[in-house]
Every structure is written in structure tokens, then in C-alpha cells.
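Written out below as C-alpha cells is the structure these notes cover.
What you are looking at is a predicted structure, and each value in this text was computed from that prediction instead of being measured.
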Amino acid sequence: MGEKPKSGGVWPTVKPFVNGGASGMLATCVIQPIDMIKVRIQLGQGSAVDVTKTMLKNEGFGAFYKGLSAGLLRQATYTTARLGSFRILTNKAIEANDGKPLPLYQKALCGLTAGAIGASVGSPADLALIRMQADATVPLAQRRNYKNAFHALGRIVADEGVLALWKGAGPTVVRAMALNMGMLASYDQSVEFCRDNLGLGEAATVVGASTVSGFFAAACSLPFDYVKTQIQKMQPDAEGKFPYTGSLDCAMKTLKAGGPFKFYTGFPVYCVRIAPHVMMTWIFLNQIQKVEKKIGL
């Protein structure tokens, strides 16, 4: 829900970024196990039930939280940037629109832009997260054995160079643009509909709008997420050749091998993972804003 920032001081400017990052990190602590299962499914380890049983048997419960440090770092960068920039962009657009609610296409454009900004900032942490989650799926000799997110980032820079931190950034940015277009625009639009047309209270409005937001975020982003995951986890064969030359090559080979529905591999789990994370992000954000109002921030 858009709030026109008060003028004066630094806090009104940075508040959308701080609140966005905090809400995303809280949501990640709850969703991390489902995200781990989603990645393993995309890497071809079987159904959600099979993956869960195998992980519990072979790796223990702690495996579900492998990569949590990278996940939190990702939220501290990616979600901080995307939610903060989205609110700044929409507030500016509302001012230009004489205070009137924005049409859906303008919200979508703000969401696309915010997604690109957030993904560009958060791509290194996202790369570390994917590699840490996928490490147990490769032979022992090929495992990277990162200890935590910062160890992963340091190793990537040392072994592959600074620019390697943005490996797969192209599909990451495109995926983030699609996700945020679905998530951010649909949330603001649903808030207006639930509040103004249905007359729902604040709690019902937040829950209803966040549910719609979660569904559209998942539906819009999964094909791009699938390609991004394949690119980021690929390793060269014995001859030093990678399976894909880029995201477009990956998309074309996937389409040829499995058809369009291949991109929606693991959609139920992905939707279960994305939608609750989106919902909790909005709910946590709403609660943070309520606390700030009580203490006068």
C-alpha cells in the first residue's frame, strides 16, 4: 500500500528499503526448507516427497537450511532494493498523477523496473545461494563445499574473478522483472480492489491481496527461474564444455527436449514456496509499518 513519504530527514527516504529488506529476511527464515526442495526438484532429484525423504535420510534436517546465510544475504540486497525502489517509483508516479491511483500498466512498469534494480544488486548472493543448495547433488570431487555465503562469494572472486559474481545475471534480472511485475503490480491493484470495491478491513485486505500477489508472482516467473537455475548450477564436462552457451540456448534446448511444460517443472512446489514467501513478506511489511506508526517513526 503506497504511502507518501514525509519530507525532511534521511529516514523517510531509506524506510521503504529497510522495511522491505527486513520483511523479506523474516519470510525467508520460514520458507527456506521449501526453497531447498524446489531447487532439488528442478535439478531432477524427483518429486517433493522423494526429495524430502532422501534429504532427511542422507543429510539430516539441517540440510533443509543449507544456504540460509546466502538466502538472508539475498533478501538483504535483492528485496531491500526491489521493494524500496518500487515504493519510491510508485510514490513519484502518484505525485506526477496528481495524487490519483496509478493504472495497472504504470504499476507493472514500476514493478519491472524495481525487479531489474533488485536483481542487479542481489545477483551475487543469489548465485551463492543456488550453488550452496545444489552442492550436495554433484559428485564429491566436484563439490565446492562453501561454508557460508561470504565464503562462497570470496571463493568465487578468487577462483573465477569478480565478474563471475554476476554469472547468470541476465536470466536472473529477466526472472526478477517477471516476478516483480506479477507480485508488486497485482498487490497494489488487489489492495485497491479489496479496500475500495469490497470494503474489506485492513487484515483481510492484506491477506487477500498478498494471496493474489503470490500466485501471479509464481505464474509469471517460474519459466525464467527454471532457466536461471540451470545456467547457474551448470559445470563443464571432461572436455571443459558447458551444456549451455547461455540462457537462450538453455531455453531452446529445454523446449526441444521437453516442450513448454518443462519450464513449469515443480510448479506446485514452486507456487507453494513463492506464494507464502510473497504473502509473508507483505504481512511482515504491514506489521512493521504498524509498529513504526505506534512509535512515531
Side-chain angles (χ1 to χ4, degrees), residues 1-32 34 68 71-95 97 99-102 104 106-107 110-111 114-115 117-118 122 179-218 272-297:
M1 286 180 258
E3 290 184 5
K4 188 174 181 179
K6 299 176 183 179
S7 59
V10 176
W11 176 242
T13 301
V14 302
K15 182 165 73 171
F17 295 91
V18 174
N19 290 352
S23 61
M25 292 173 75
L26 289 170
T28 291
C29 290
V30 180
I31 295 299
Q32 180 71 12
I34 300 175
L68 179 60
L72 292 175
L73 180 61
R74 180 177 183 270
Q75 295 300 320
T77 52
Y78 169 59
T79 298
T80 295
R82 64 172 175 148
L83 291 187
S85 59
F86 177 73
R87 194 53 61 207
I88 295 295
L89 289 169
T90 53
N91 284 334
K92 292 293 184 182
I94 289 172
E95 287 181 12
N97 202 31
K100 298 176 183 177
L102 299 178
L104 182 59
Q106 288 189 6
K107 294 172 185 172
C110 290
I117 293 171
L179 185 149
N180 284 281
M181 180 184 68
M183 172 185 172
L184 302 176
S186 66
Y187 180 76
D188 273 14
Q189 192 73 18
S190 298
V191 164
E192 293 174 9
F193 180 78
C194 292
R195 182 187 59 205
D196 301 335
N197 295 80
L198 300 181
L200 299 181
E202 181 180 5
T205 294
V206 172
V207 172
S210 62
T211 301
V212 173
S213 175
F215 173 80
F216 278 102
V272 167
R273 182 262 165 183
I274 289 291
H277 191 282
V278 169
M279 290 177 65
M280 283 186 284
T281 297
W282 289 124
I283 290 170
F284 279 129
L285 181 58
N286 178 259
Q287 293 303 308
I288 291 171
Q289 291 172 338
K290 289 173 70 173
V291 171
E292 286 177 345
K293 288 180 180 179
K294 286 184 179 180
I295 63 178
L297 289 178

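Atom CZ of Phe215 has 12 or fewer heavy atoms from other residues, nucleotides or ligands within 6.0 Å. When the shell of 6.0 Å around CZ of Phe216 is examined, it contains 12 or fewer heavy atoms from other residues, nucleotides or ligands.
Taken from OG1 in Thr80 to CD in Gln75, the straight-line distance is 8.0 Å, to the nearest 0.5 Å. In this structure, NE2 on His277 lies 9.0 Å from SG on Cys29, to the nearest 0.5 angstrom. In this structure, Leu102 CG and Asn91 CG are separated by 9.0 Å, a value rounded to the nearest 0.5 Å. With rounding to the nearest 0.5 Å, the separation of CD1 in Ile117 from CD1 in Ile88 is 10.5 Å. Rounded to the nearest 0.5 Å, atoms NZ (Lys290) and CD1 (Ile295) are 14.0 Å apart. In this structure, CG in Asn19 is found 11.0 Å from CZ in Arg87, a value given to the nearest 0.5 Å.
Nearest heavy-atom pair across Ala81 and Ser85 is O-OG, 2.6 Å. Across every non-hydrogen atom of Gly115 and Asn180, the tightest pair is CA-ND2, 3.3 Å. Between Met279 and Val207, the shortest heavy-atom distance links the atoms CE-O, 4.3 Å. A pairwise comparison of heavy atoms in Ile31 and Pro276 identifies CD1-CB, 3.7 Å as the closest pair. For the pair Phe86 and Ala185, the tightest heavy-atom approach, listed with the atom from each and the gap, is CZ-N, 4.5 Å. The two atoms that bring Ser186 and Val212 nearest to each other are OG-O, 4.1 Å, heavy atoms only.
With contacts defined as side-chain heavy-atom distances shorter than 4.5 Å, the pair Met183/Trp282 qualifies. Counting heavy atoms from C-beta outward, Thr90 and Leu184 have side chains that stay 4.5 Å or more apart. Looking only at side-chain heavy atoms (C-beta outward), Thr28 and Thr79 stay at 4.5 Å or farther from each other.
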Working for side-chain contact (heavy atoms from CB on, under 4.5 Å), residues Glu292 and Trp11: CA-CA 12 Å; Glu292 286 177 345; Trp11 176 242; 3.4 Å; yes
Worked check of side-chain contact (heavy atoms from CB on, under 4.5 Å) between Leu179 and Arg82: CA-CA 11 Å; Leu179 185 149; Arg82 64 172 175 148; 3.5 Å; yes
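For Ser190 (side chain) and Tyr187 (main-chain N/O), no donor-acceptor pair under 3.5 Å exists by modelled atom type.
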